[in-house]
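In what follows, chains carry the letters A, B, and so on, assigned in the order in which the sequence lines appear, proteins first and then strands, with residues in each chain numbered from 1. Just so you know, these numbers use all the heavy atoms, side chains as well, and skip hydrogens, waters and symmetry mates. In this text the structure is predicted, and so the values were computed from the model without any measurement.
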Amino acid sequence: MRESRSSELVCLMCLITVLFTACVAPQETNGLVSSLAPGDVTTKLQEELIKAKPGAVIELPEGKFSFDKTLSLTVDNVTIRGKGMDKTVLSFSGQKAGSAGMLVKAGDFLIEDVGIEDAAGDALKIDGGTNITIRRVRVEWTGGPKTTNGPYGLYPVTCKNVLIEDSVAIAASDAGIYVGQSDQVVIRRNRAEKNVAAIEIENTKNADVYENNVSDNTGGIMVFNLPDLPVQGGGNVRVYNNRIIGNNNPNFAPKGQVVYNLATGTGMLIMAVRNVEVFNNEIRDNNSANINIVSYLSASSAEEIKNPNFYPYVNSIYVHDNRISGGGKDPDSRLPKWQALAQATGKPLGDIIYDGIVEPVNGKPGAVADARVCLRNNGEITFLNFDGAGGFKKMSRDSKPHDCSIPALAAISLPQTAGTSEKSGGGM
Amino acid sequence: MRGVLMAGFALFCSGFFLSCNLIQGTGVKTFVEEPFPDNLSEWRLFVKGGASLKPNQNVIPYDLNTPLFSDYAEKHRAVWIPEGSSATYSENEPFDFPVGTVIAKTFAFPSQENDGNEKLVETRLLVRAKSGWVALPYIWNEEQTDATLEVVGGTREVPVKNSAGVWEKIRYNIPNTNECAQCHAQSKIMLPIGPKARNLNRNYPFSTGPENQLVYWTKIGYLSGAPSPDKAPRAAVWNDPSTGSLNDRARAYLDNNCAHCHQASGSAGYTGFLLDLNERNARRLGYCKNPNSAGFSGDLLYDLVPGNPDESILIYRMLSTRPKEMMPEIGRSIIHPEGIELIRQWVASLEGECE
């Protein structure tokens, strides 16, 4: 008896809920879930984003929806959820105003299971937020690599606690996944292809980059600092368990972009940064070099080096226990520096190449050991110290000066990943 | 009885609020929290619409020395402050306005058929609510009798006379509230942009005769703590050489057209390219500065190449109307040749060389 009564009650509640939901849900937010009907996404999504209250979940249906200007969000703690990165597609191919496809200036932001296509500028830009999660999001320029494509795909800048996972970035004219001037970052299990740079960690502290598939870009994973940005001192970056294979797609960045000078066929670039640990990766068949370790001096003018907030050298770089092969077979002949280098060395250039530029000590040249560029247990690799400061005069293929080790860096733990099991660090 | 009368008025007035306010003789009504009114008329800021938008009592019109370019729109600015309170003067920042303050900016375009008569497109309110500043975009109806709150903004085809004197139809973008914040947020806090000492320090033709705006605002109790105008900063008028040197006018133009984002706490602060009037660091002003992560820049290397406008990304982006590269990113749909010419001359006048 009691049972039947309670089930009646549940039933009644069901009915009420169903009725209520059917009538009200499409427009109602109320800090809860709102679902947009397919016919309403183009016309109503921006309004939903503006009127959203913290805690709102905006569900998007299957379909391809067109927008002619930037979609923006400034409310904290909002979730946008589609039905799949290939099923719910926000298309900006007809964009007439605004640079970004989607622009988020809010914290506690989660977006998942959405595709963002053909933004005029950056596909998904997130500026200054804390606790940012991007999960199973695809950003793509559907015409393939083109100089006119937007620069960045997934683009958090000046953010804290950033998680980008299980996402896809295709054909960005700068970087498919770019994290800039941020702190505490995890980038895992993503796929990046046909971008100029697949993944960039720029002026960013404390990042773990792992289990990503990075192939057929101009360059794979870049870890570096640039001068003249307000946030300096990026570093403490671990790159592990990634596949960085055959990134030989011709560079299509607009001239003038920093990445225009990225050599086609770069597996990893480690530049002007301290404390980077690269381990357990498969890095092969990147035609300029599998790993290029350089100071900013090799890349730019002396004037910028004078900037007191900018550290132009590399220091404490530990590359160990990777499977590395087939690098430097066909260095980029488009860039004069690389052409000259290839002429001076012959092919292959090398799996791991290093400019050998060490921070001076008391005005005198520093010793090789001071830079602590350590390479260990990477198999039968070819190495080249190309003497970037001396104009390739004292080049060396001897990697023995770099047979050293550095204590492992700590794993990054984010509020978003708390409770999930993290792969343990590498180190010794 | 009074209620009945008011109701009567309300009925009588619906759709015809303009003369109605005169009948009622009521002043401005402010709203400091949600819900904000759907109709602009409910604020009672204006007593007449259409071609001659007349401010209600104590709604004070004002002008800026150098404004933001907005597709040649006519902009009518006005401020209202609740009785018994006043804004606090600041030398460099926007004044600190009291809760209840309403700043109104009405955008109008001249009518092509009837040159001289203008058509109101939108009135943007910036309201100092209890929670902070709130941006409320109201779009005028065809009849020009009232404007409706549209948080999502909109677009309108409007006629503009370009610099060559030729009429063209443009697609004018009415910003949504997030786009308002894109320019008005400093460190994510909404703030006014225009009402700073350096912009307001000029004469305005008040009904009582021309008078310095800082003096007038102080006199009517709208502003406290202001020094005499000669002790307050004053930005140059961008197109009036009698008000400042080429450098002064160019920097005033950049201050009001770029620095709302390109300042340390603005939404482009992360670029390190900063253009507010008080910036003195050459590299931050763009001298030989590589933009690093700024996207499209016309194959050019530096934000600003002294002596060489054609090599400066600054000019390139002012010249563009492509969404991915134009600057400002929003707020205009056509270029401003006169402003570009000023900045070209300024860049050409700068000395130095990039490697």
Structural part of A/K96 lying under 4.5 Å from a heavy atom of chain B: both

Name the region of B/R322, side chain, backbone, both or neither, that has any atom closer than 4.5 Å to a heavy atom of chain A. neither

Quick one: CD on B/E179 to CG on A/L103, what's the gap to the nearest 0.5 Å? 9.5 Å

If you count heavy-atom pairs under 4.5 Å with chain A, which of B/L274, B/I313, B/T177, B/N176 comes out on top? B/N176

Look at atom NZ of A/K205 and say whether more than 12 heavy atoms of other residues, nucleotides or ligands are closer to it than 6.0 Å. no

Does a sphere of radius 6.0 Å around CD in B/E168 hold more than 12 heavy atoms from other residues, nucleotides or ligands, not counting ones at 6.0 Å or beyond? yes

Under a 4.5 Å cutoff for heavy-atom pairs, which residue among A/G128, A/G121, A/G150, A/S99 has the most contacts with chain B? A/S99

Pick from A/Q95, A/E200, A/K69 with the largest number of heavy-atom pairs that fall under 4.5 Å of chain B: A/K69

Check A/P230 against B/G269 and note the closest heavy-atom contact, atom names and distance. CG-O, 3.2 Å

Check whether A/V157 gets within reach of chain B through its side chain, its backbone, both or neither, counting any heavy atom under 4.5 Å. side chain

Tell me, side chain or backbone of A/S72 under 4.5 Å from chain B's heavy atoms, or both, or neither? both

Counting only N and O atoms by type, is there a donor-acceptor contact under 3.5 Å from the side chain of A/Q181 to the main-chain atoms of B/Y270? yes

Can you say whether B/S267 sits under 4.5 Å from chain A via the side chain, the backbone, both, or neither, judging by heavy atoms? both

Would you say B/K75 has more than 12 foreign heavy atoms packed within less than 6.0 Å of its NZ? yes

Indicate the atoms forming the closest heavy-atom contact of B/K324 with A/A120, along with that distance. CB-O, 3.2 Å

With only heavy atoms counted, which part of A/T148 is less than 4.5 Å from chain B, the side chain, the backbone, both or neither? both

Does a side-chain heavy-atom distance below 4.5 Å link A/K105 with B/Q182? yes

Where does A/A106 contact chain B at under 4.5 Å (heavy atoms): side chain, backbone, both or neither? backbone

Do B/R171 and A/D68 sit within salt-bridge range, that is, some charged N less than 4.0 Å from a carboxylate O? yes

With only heavy atoms counted, which part of A/N149 is less than 4.5 Å from chain B, the side chain, the backbone, both or neither? backbone

Which pairs pass ring pair (Phe, Tyr, Trp, His ring centres under 6.0 Å) with one or both residues in residues 168-188 of chain B, sequence neighbours excluded? B/F109-B/Y172

CD/B/E150 to CD1/A/I50 distance, rounded to the nearest 0.5 angstrom? 10.5 Å

Given side chains that start at C-beta, do those of A/Q46 and B/N178 come closer than 4.5 Å, heavy atoms only? yes

Can you name the closest pair of heavy atoms from A/G98 and B/P323 and give their distance? O-CB, 3.2 Å

So what's closer than 4.5 Å to chain B heavy atoms on A/D122: side chain, backbone, both or neither? neither

Check: B/N290 and A/D228 side chains under 4.5 Å, non-hydrogen atoms: no

